[in-house]
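Order of listing sets the numbers, starting from 1, for every ligand and every atom in it. Since the structure is predicted, the reported quantities are computational estimates derived from the model, not experimental observations.
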Amino acid sequence: MSPVAGAKDEGVQKSWKKINEERKALKKQRKQEKLLKQLAKVQKEEEASNNAKHSQKSEQNEKKKAANPSTVSIAVPGSILENAQSAELRSYVAGQIARAACIFRVSEVIVFDDIGLATARETKRNFEADDSDDAGGEGTSRTVRSSCLQLARILQYLECPQYLRKFFFPLHKDLKYSGLLNPLDAPHHLRQQNIFRYREGIVTEKLAKEGHCYVNVGLLNDVLVNKALTAGLRVTVKLDQPQENVRKQRGTIVSPDEPRRETGVYWGYTVRIAHSISEIFTKSPYPGGYDLTVGTSDRGSSIHEVPSKFFNYNHLLLVFGGLQGLEAAVANEDKLQVDDPKLLFDHYINVLPKQGSRTIRTEEAILIAMASLQEKFNPQVEDIEGELIKESLPRSEDTGGIIPKPSQTKMERKRKRQEENEKHPLVVKDESITQDVVLQPENGVEMKKPKEKKVKNNPFSSKKEAAVVDFTENGVLGTSAADDDFEIVPVGKADKTSTEASVDDLSRFD
Ligand SMILES: C[S@@+](CC[C@H](N)C(=O)[O-])C[C@H]1O[C@@H](n2cnc3c(N)ncnc32)[C@H](O)[C@@H]1O
């Protein structure tokens with residue numbers, strides 16, 4: 001039937017041309033639909049492969065995150081304390097080692113005996129009973145050098161957050177001056193008002209529901225954690241709600257490695273004692289031991305010959321010697337077959353080839369070595385960069401005097417000051433005021449004694465010079481009257497004028 005005839009039948013006339021056009025349009029539409037379908041398929045496939053790549057990447061990231069960052073250990077002989085002139089200086093040297101370890105994010109400090117039992121007997125040096133579990137070993141009959149023990153003890157004391165010290169460090173003669181030492185100001189030494197998701201704590205004796213215990217993490221309230229642990233244990237806790245000052249805080253016990261691994265924040269060092277130089281290597285806490293060892297000496301090869309990023313490591317060990325250097329430590333160790341320390345280490349380095357002093361002390365060498373070796377280090381697993389952490393963790397408040405808490409208002413600060421003055425009224429010497437100013441509150445208002453007409457001293461006049469305690473005599477620095485400007489004395493001494501005090505009473509310079 002012709003289209004014309006068909007059209008006639010239906011009463012509608014359709015030309016072949018029209019029919020062809022319609023067919024073409026239909027074909028085009030189908031083609032377009034097909035293309036759209038194909039496009040959608042390709043897009044879907046691309047999306048799927050992107051997703052797969054993304055999840056692979058995040059899996060890799062997870063894996064990367066899961067690996068602990070590479071570690072640096074330093075070994076220091078305890079005998080360096082024996083060369084200090086007084087008990088205070090002994091403590092100070094130990095404090096310097098602790099600060100160096102903290103500044104350079106050291107993971108482990110090994111205190112080793114570089115003199116040895118035999119040599120010590122000859123020289124009648126001090127040994128003490130070692131209470132640690134892994135103490136002793138063959139032939140050492142559970143004794144440890146007292147200087148090693150003291151160094152280790154002070155290192156541990158300074159590493160421990162302040163709020164936990166009273167639990168872990170009972171009064172001990174070794175720690176007599178440790179309260180005076182410069183604090184480490186380490187990130188894990190958190191104050192009560194600091195907000196951070198990890199905290200160090202001690203398991204308390206407080207009764208908790210089954211399978212749980214309470215941990216004191218230095219907050220107002222103890223934290224309920226998911227494990228029943230023995231009271232007195234030091235633990236690392238991850239808080240469920242670190243942002244809030246919650247009364248019923250909950251948390252999870254985690255590995256002490258986790259805070260650093262997950263946030264990149266330095267979380268302190270561990271301390272162990274090695275009874276000899278060989279125990280530094282044989283008693284490593286890392287399963288495969290140290291994979292890179294570096295000895296330090298002025299007899300070593302120059303650090304300048306070491307290319308940057310040359311030291312590839314996962315667990316790096318840096319060993320420092322005592323007064324006689326590492327040669328003496330090796331000579332004092334019977335178990336070693338070698339007598340040249342160079343042969344003990346992968347590298348033997350002189351960290352300051354053009355030293356000005358004949359000797360660099362061990363505590364100085366640690367700082368020099370750690371600073372100059374930084375650019376030579378190439379850790380296999382770097383610490384992650386925690387941008388936000390910088391904001392959430394406190395900056396130093398231990399140095400540079402008293403910083404008012406941000407939460408304290410001006411009025412609160414004033415009230416606190418008044419309370420302090422009530423307790424300890426102070427006399428502030430002021431050169432410009434002839435009479436002492438007594439800061440004592442009266443009806444809640446700070447009162448000043450009426451000033452007498454001030455007689456301003458001419459700083460260049462000969463009268464003033466009389467008050468100067470010979471400034472340069474014998475080339476030794478004395479003290480000038482100018483020092484009095486900063487003097488704060490108890491009120492009992494207020495009857496003395498500043499000039500009298502500086503001339504007659506030199507006791508305050510003791
Ligand atoms: C008083 S020094 C020992 C004496 C000796 N001159 C020496 O370096 O072997 C104490 C320690 O400081 C470190 N030390 C001193 N000077 C150093 C230097 N120039 N390079 C690397 N380490 C040094 C070494 O670990 C050394 O054992």
Side-chain angles (χ1 to χ4, degrees), residues 72-85 89-90 92-101 103-104 106 108-116 119-120 123 125 145 147-148 150-152 155 269 271 273-281 290 292-308 310-311 313 316-333 336 338-377:
V72 175
S73 301
I74 60 169
V76 188
S79 65
I80 59 168
L81 298 198
E82 292 168 24
N83 308 314
Q85 301 293 316
L89 286 176
R90 260 199 297 286
Y92 193 77
V93 170
Q96 284 179 296
I97 309 292
R99 282 209 41 91
I103 289 167
F104 291 102
V106 165
E108 183 198 24
V109 185
I110 307 143
V111 178
F112 73 101
D113 184 350
D114 63 336
I115 291 168
T119 322
T123 53
R125 299 243 200 185
R145 243 187 139 58
S147 53
C148 291
Q150 182 175 19
L151 178 54
L155 288 172
Y269 53 75
V271 181
I273 289 180
H275 293 83
S276 62
I277 193 167
S278 59
E279 261 191 36
I280 298 174
F281 303 88
Y290 304 101
L292 187 73
T293 59
V294 178
T296 55
S297 168
D298 55 6
R299 294 192 190 98
S301 30
S302 167
I303 190 167
H304 305 313
E305 286 161 20
V306 181
S308 118
F310 182 72
F311 291 145
Y313 66 89
L316 168 67
L317 170 71
L318 286 167
V319 184
F320 296 87
L323 194 66
Q324 315 281 330
L326 288 172
E327 281 79 6
V330 169
N332 290 336
E333 166 65 304
L336 284 174
V338 293
D339 51 8
D340 183 357
K342 264 188 202 124
L343 305 171
L344 256 191
F345 304 99
D346 297 324
H347 303 279
Y348 202 54
I349 304 286
N350 178 347
V351 294
L352 200 66
K354 285 187 179 167
Q355 62 189 62
S357 171
R358 249 178 257 127
T359 48
I360 296 178
R361 303 172 70 90
T362 310
E363 62 273 24
E364 296 162 343
I366 297 173
L367 285 170
I368 300 167
M370 291 304 288
S372 46
L373 283 171
Q374 288 299 299
E375 60 115 11
K376 317 284 181 195
F377 289 170

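Sorted by first and then second residue, the salt bridge (Lys or Arg N to Asp or Glu O under 4.0 Å) pairs with a member in residues 357-366 read R361-E363; sequence neighbours excluded. Residue pairs meeting the salt bridge (Lys or Arg N to Asp or Glu O under 4.0 Å) criterion with at least one partner in residues 365-377, sequence neighbours excluded, do not occur; the list is empty. Identified under the side chain to side chain donor-acceptor pair (under 3.5 Å) test for residues 295-304, with sequence neighbours left out: R299-E327.
Around the CD atom of Q85, the shell of radius 6.0 Å holds no more than 12 heavy atoms that belong to other residues, nucleotides or ligands.
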Where does ligand 1 get N/O contacts under 3.5 Å from the protein, atom by atom?
| residue | atom | partner | partner atom | Å |
| --- | --- | --- | --- | --- |
| ligand 1 | 6 (N) | D298 | OD1 | 3.2 |
| ligand 1 | 6 (N) | D298 | OD2 | 2.7 |
| ligand 1 | 8 (O) | D298 | N | 3.1 |
| ligand 1 | 8 (O) | D298 | OD1 | 3.1 |
| ligand 1 | 9 (O) | S297 | OG | 3.2 |
| ligand 1 | 19 (N) | N350 | OD1 | 2.8 |
| ligand 1 | 19 (N) | Q355 | OE1 | 2.9 |
| ligand 1 | 20 (N) | S297 | O | 3.4 |
| ligand 1 | 20 (N) | N350 | OD1 | 3.2 |
| ligand 1 | 20 (N) | V351 | N | 2.9 |
| ligand 1 | 22 (N) | S297 | N | 3.3 |
| ligand 1 | 25 (O) | T296 | O | 3.1 |
| ligand 1 | 25 (O) | T296 | OG1 | 2.7 |
| ligand 1 | 25 (O) | G321 | N | 2.9 |
| ligand 1 | 27 (O) | G321 | N | 3.1 |

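Aromatic ring pairs are classed by plane angle as parallel below 30°, tilted from 30° to 60° and perpendicular above 60°; the pair Y313 and F377 is perpendicular.
Going from atom CZ of R145 over to atom CD1 of I273 covers 11.5 Å, rounded to the nearest 0.5 Å.
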